[in-house]
Amino acid sequence: MEKATAGEEEFAEMICYYLEDVSFGLEIGPEGHYVPALSGHGTMIGSTSSELQTYQTTPRTMDEEYDLMAKQVTETQGFDMDFSQFRYDFNYRPVDFDDNSLVIDGETMRDLLNRLSRKSLEQYNQDKETKYELVEVIKANYHMAGAGMMFFISFQAKQDFSSSGDVPKTTFQAKSHYSYFSPNKYITCHLKAPPEKKGTNPFCCCFFLILKF
């Protein structure tokens, strides 16, 4: 059984969670007032320090960046924002797997994400009567939420490790609230939806039928 840290784990039977509104990260400006902060990272935080990529500087205005971030948060439900498009810092941020400053009790960020993913997958298996097991966490985003963080985790799992064949990996998305003082909440865990296929051009179909006849 996994060591319980930062409160005993519990599954959320029914949690009404709405996506948090997008807001700018703030810093104190030269005149002593709070102003929207630039990201300050200078790099694209995604997985490991050896895989950081340079942020793309864009000509968008502050309002345009806000609208774009709000659009991406809504469309991806917090899981798949492209942070390389933003100069400004927002409340939604990518997780740096090597940054352990936000976790406690001697855990690393990688340990925490693996634990939250396994617990979310455990609930999924119970509900769906499946036997998926965690393979690896791909990426995660978060925003601060009370005395803790709301995580949007993408991870891969396999259903049959005992098979001698090459079992394909399945991508999951899990939403979990990590609390420093209260029980952690496992809100959703589901298969990642495949990308939408572009529709077939009806003019091409008609042209093919004309030729055939």
Side-chain angles (χ1 to χ4, degrees), residues 1-28 34 36-37 39-41 44-49 66 69-70 72-83 86 88-127 134 136-157 171-190 192:
M1 181 176 179
E2 292 188 40
K3 174 179 177 290
T5 57
E8 294 294 328
E9 269 71 29
E10 70 175 27
F11 295 118
E13 295 181 0
M14 178 62 70
I15 288 186
C16 187
Y17 171 76
Y18 299 95
L19 280 173
E20 180 171 283
D21 291 339
V22 170
S23 61
F24 286 103
L26 299 177
E27 64 183 4
I28 298 178
Y34 282 104
S39 64
H41 302 296
M44 174 63 183
I45 299 174
S47 47
T48 66
S49 56
Y66 178 92
M69 173 59 79
Q72 289 194 16
V73 168
T74 300
E75 289 181 346
T76 72
Q77 291 297 291
F79 289 100
D80 288 317
M81 289 86 79
D82 180 3
F83 291 96
F86 303 98
Y88 286 95
D89 183 38
F90 291 90
N91 53 332
Y92 286 86
R93 299 180 176 100
V95 172
D96 182 349
F97 288 3
D98 296 328
D99 180 7
N100 302 320
S101 64
L102 296 175
V103 292
I104 61 176
D105 294 337
E107 255 190 328
T108 67
M109 180 60 74
R110 290 176 182 274
D111 291 339
L112 173 61
L113 293 175
N114 284 335
R115 179 162 62 88
L116 295 178
S117 298
R118 286 194 182 95
K119 288 288 187 177
S120 298
L121 194 57
E122 179 182 326
Q123 182 65 54
Y124 179 90
N125 283 332
Q126 179 179 320
D127 293 341
L134 177 68
E136 62 177 341
V137 176
I138 304 171
K139 64 178 180 179
N141 301 323
Y142 77 99
H143 65 69
M144 302 306 295
M149 292 170 283
M150 185 66 70
F151 282 104
F152 305 83
I153 309 171
S154 298
F155 63 87
Q156 290 184 324
T171 301
F172 284 81
Q173 293 178 326
K175 193 178 302 178
S176 304
H177 181 257
Y178 168 72
S179 173
Y180 294 115
F181 305 109
S182 304
N184 298 329
K185 306 292 185 182
Y186 300 89
I187 300 170
T188 62
C189 183
H190 56 265
K192 181 177 180 179

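The structure presented is a predicted model; accordingly, all values stated were derived computationally and were not measured.
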Participant: Please report the C-alpha distance between Leu112 and Phe151 in whole Å, then the side-chain angles of each, then the deciding distance to 0.1 Å, and finally whether the side-chain contact (heavy atoms from CB on, under 4.5 Å) criterion is met.
Facilitator: CA-CA 10 Å; Leu112 173 61; Phe151 282 104; 3.9 Å; yes
Participant: Over all heavy atoms of both residues, which pair between Cys189 and Tyr124 is shortest? Give the atoms and the distance, please.
Facilitator: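 Of all heavy-atom pairs spanning Cys189 and Tyr124, the closest is O-CD1, 3.4 Å.
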Participant: Identify the two heavy atoms, one from Val22 and one from Ala70, that lie closest to each other, and give their separation to 0.1 Å.
Facilitator: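 Closest approach of Val22 to Ala70: CG2-CA, 3.7 Å.
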Participant: Taking the side chain as C-beta and beyond, is there a heavy-atom pair between Phe79 and Lys139 under 4.5 Å?
Facilitator: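 They are not in contact (no side-chain heavy atoms under 4.5 Å apart), so the answer is no.
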Participant: Starting from the C-alpha separation in whole Å, work towards a yes-or-no answer on ring pair (Phe, Tyr, Trp, His ring centres under 6.0 Å) for Tyr142 and Phe152.
Facilitator: CA-CA 6 Å; Tyr142 77 99; Phe152 305 83; 9.4 Å; no
Participant: Are any of the side-chain heavy atoms of Asp80 and Gln173 separated by less than 4.5 Å?
Facilitator: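 Result yes, sub-4.5 Å side-chain heavy-atom pair found.
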Participant: Evaluate the ring planes of Phe155 and Phe172, with Trp represented by its six-membered ring, and classify them as parallel (under 30°), tilted (30 to 60°) or perpendicular (over 60°).
Facilitator: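 Phe155 vs Phe172 ring planes: parallel.
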Participant: With a 4.5 Å cut-off on side-chain heavy atoms, are Met144 and Asn91 touching?
Facilitator: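 A side-chain contact is absent here, since even the closest heavy-atom pair is not under 4.5 Å.
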Participant: I want to check something: taking the side chain as every heavy atom from C-beta on, are Tyr180 and Leu102 in contact at a cut-off of under 4.5 Å?
Facilitator: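 Result yes, sub-4.5 Å side-chain heavy-atom pair found.
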Participant: Between Val137 and Arg110, is a side-chain contact (heavy atoms from CB on, under 4.5 Å) present by the stated rule, with each step listed?
Facilitator: CA-CA 8 Å; Val137 176; Arg110 290 176 182 274; over 6 Å; no
Participant: Looking at every heavy atom in both Phe86 and Phe90, which two are closest together, and how far apart are they?
Facilitator: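 Of all heavy-atom pairs spanning Phe86 and Phe90, the closest is CD2-CE1, 3.9 Å.
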Participant: Quick check: closest heavy atoms across Met109 and Phe97, and the distance to 0.1 Å?
Facilitator: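 Taking every non-hydrogen atom into account, CB-O, 3.7 Å.
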Participant: Measuring from atom OH of Tyr186 to atom CD of Glu122, what distance do you get when rounded to the nearest 0.5 angstrom?
Facilitator: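 The CD atom of Glu122 is 9.0 Å from OH of Tyr186, to the nearest 0.5 Å.
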Participant: Has Asp99 got a side-chain atom pairing as donor or acceptor with Ser101's backbone, closer than 3.5 angstrom?
Facilitator: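 Answer holds: yes.
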Participant: Taking all atoms of both residues into account, what is the closest heavy-atom pair of Ser117 and Ile153, and its distance?
Facilitator: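 Here Ser117 and Ile153 meet closest at OG-CG2, 3.5 Å.
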Participant: What distance separates Ser120 OG from Arg115 CZ, expressed to the nearest 0.5 Å?
Facilitator: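 Interatomic distance, Ser120 OG to Arg115 CZ, rounded to 0.5 Å: 10.5 Å.
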Participant: Taking side chain as C-beta onward, heavy atoms only, is Met69 less than 4.5 Å from Phe24?
Facilitator: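 No - every pair of side-chain heavy atoms lies 4.5 Å or more apart.
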Participant: For the residue pair Lys119 and Asn184, establish whether any side-chain heavy-atom pair is separated by less than 4.5 Å.
Facilitator: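 With C-beta onward as the side chain, the pair stays apart.
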Participant: Sub-3.5 Å donor-acceptor pair from the side chain of Asn141 to the main-chain atoms of Gly78, do we have one?
Facilitator: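 Checked: pair present.
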Participant: Give me the atom names and distance for the closest heavy-atom approach of Leu134 to Asn114.
Facilitator: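 The answer is CD2-O, 3.8 Å.
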